[in-house]
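Notes follow once the structure below has been shown.
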Amino acid sequence: MRSLYALLAVVGFIVPNILVFRESVETGNILLWLNPAATLGGMFGNRIAAAFVTDLLCVVLVALVWIVIESKRLNMKNSWIYIVLTLLFGLAGPLPLFLYQREKALGK
């Protein structure tokens with residue numbers, strides 16, 4: 001499973017961030033953080049986008065809470081890194097990266 005998680009982490013960091021990179025270059029809205037109004041306007045531009053974003057934000061919140069709790073349960077250090085990576089790059093890369101590290105911790 002660790003190999004699969006590692007592959008999914010690489011894909012999760014690269015694929016969504018191709019679009020983020022393009023947006024950053026074209027608009028100067030680096031990592032979608034420098035112009036929050038434009039980012040929120042795009043995220044909630046219509047009801048369909050808002051429905052997907054709201055669902056995703058709920059999933060991100062649940063995942064981050066689980067990551068912190070699971071890290072403490074397994075005595076994994078530096079769980080804050082996954083929070084920072086998620087805020088910078090989204091959940092698609094950090095979640096499988098955490099799962100990779102979790103598998104390593106479970107194997108000990």
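Positions are given from 1, in the same order as the sequence printed here. Hydrogens, waters and symmetry mates play no part in the numbers below; they use all other heavy atoms, side chains included.
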Any chance you could measure [X], atom [atom1], to [Y], atom [atom2], to the nearest 0.5 Å?
{"X": "Ser71", "Y": "Asn78", "atom1": "OG", "atom2": "CG", "answer": "9.5 Å"}
{"X": "Arg47", "Y": "Thr54", "atom1": "CZ", "atom2": "OG1", "answer": "13.0 Å"}
{"X": "Ile18", "Y": "Phe13", "atom1": "CD1", "atom2": "CZ", "answer": "14.0 Å"}
{"X": "Gln101", "Y": "Leu74", "atom1": "CD", "atom2": "CG", "answer": "11.5 Å"}
{"X": "Phe52", "Y": "Asn46", "atom1": "CZ", "atom2": "CG", "answer": "10.0 Å"}
{"X": "Asn75", "Y": "Glu70", "atom1": "CG", "atom2": "CD", "answer": "12.0 Å"}

Does any part of the side chain of [Y], heavy atoms only, come nearer than 4.5 Å to the side chain of [X], both counted from C-beta?
{"X": "Ile83", "Y": "Ile67", "answer": "no"}
{"X": "Phe89", "Y": "Leu31", "answer": "yes"}
{"X": "Leu87", "Y": "Trp33", "answer": "yes"}
{"X": "Val53", "Y": "Leu57", "answer": "yes"}

Quick check on the hydrophobic clustering: are [X] and [Y] connected, directly or via other members, by side-chain heavy-atom contacts under 4.5 Å?
{"X": "Val59", "Y": "Leu99", "value": "yes"}
{"X": "Val15", "Y": "Val60", "value": "no"}
{"X": "Leu88", "Y": "Leu32", "value": "yes"}
{"X": "Trp80", "Y": "Leu97", "value": "yes"}
{"X": "Leu8", "Y": "Leu56", "value": "yes"}

Legend entry - Thr86 (side chain) donor-acceptor with Leu91 (main chain) under 3.5 angstrom: no
Legend entry - Flag, side chain of Asn35 to backbone of Asn29, donor-acceptor distance under 3.5 Å: no
Might you confirm whether atom [atom1] of [X] has over 12 heavy atoms from other residues, nucleotides or ligands at distances under 6.0 Å?
{"X": "Phe44", "atom1": "CZ", "answer": "yes"}
{"X": "Leu106", "atom1": "CG", "answer": "yes"}
{"X": "Trp66", "atom1": "CH2", "answer": "yes"}

Legend entry - Closest non-hydrogen atom pair between Arg2 and Tyr100, with its separation: O-CD1, 3.2 Å
Inset, instruction - List the atom of Tyr82, the atom of Pro94, and the distance in Å for their closest heavy-atom pair. - result: CD2-O, 3.9 Å
Legend entry - Test side-chain contact (heavy atoms from CB on, under 4.5 Å) applied to Arg73 and Arg102, step by step: CA-CA 11 Å; Arg73 184 179 78 83; Arg102 179 178 176 267; 4.3 Å; yes
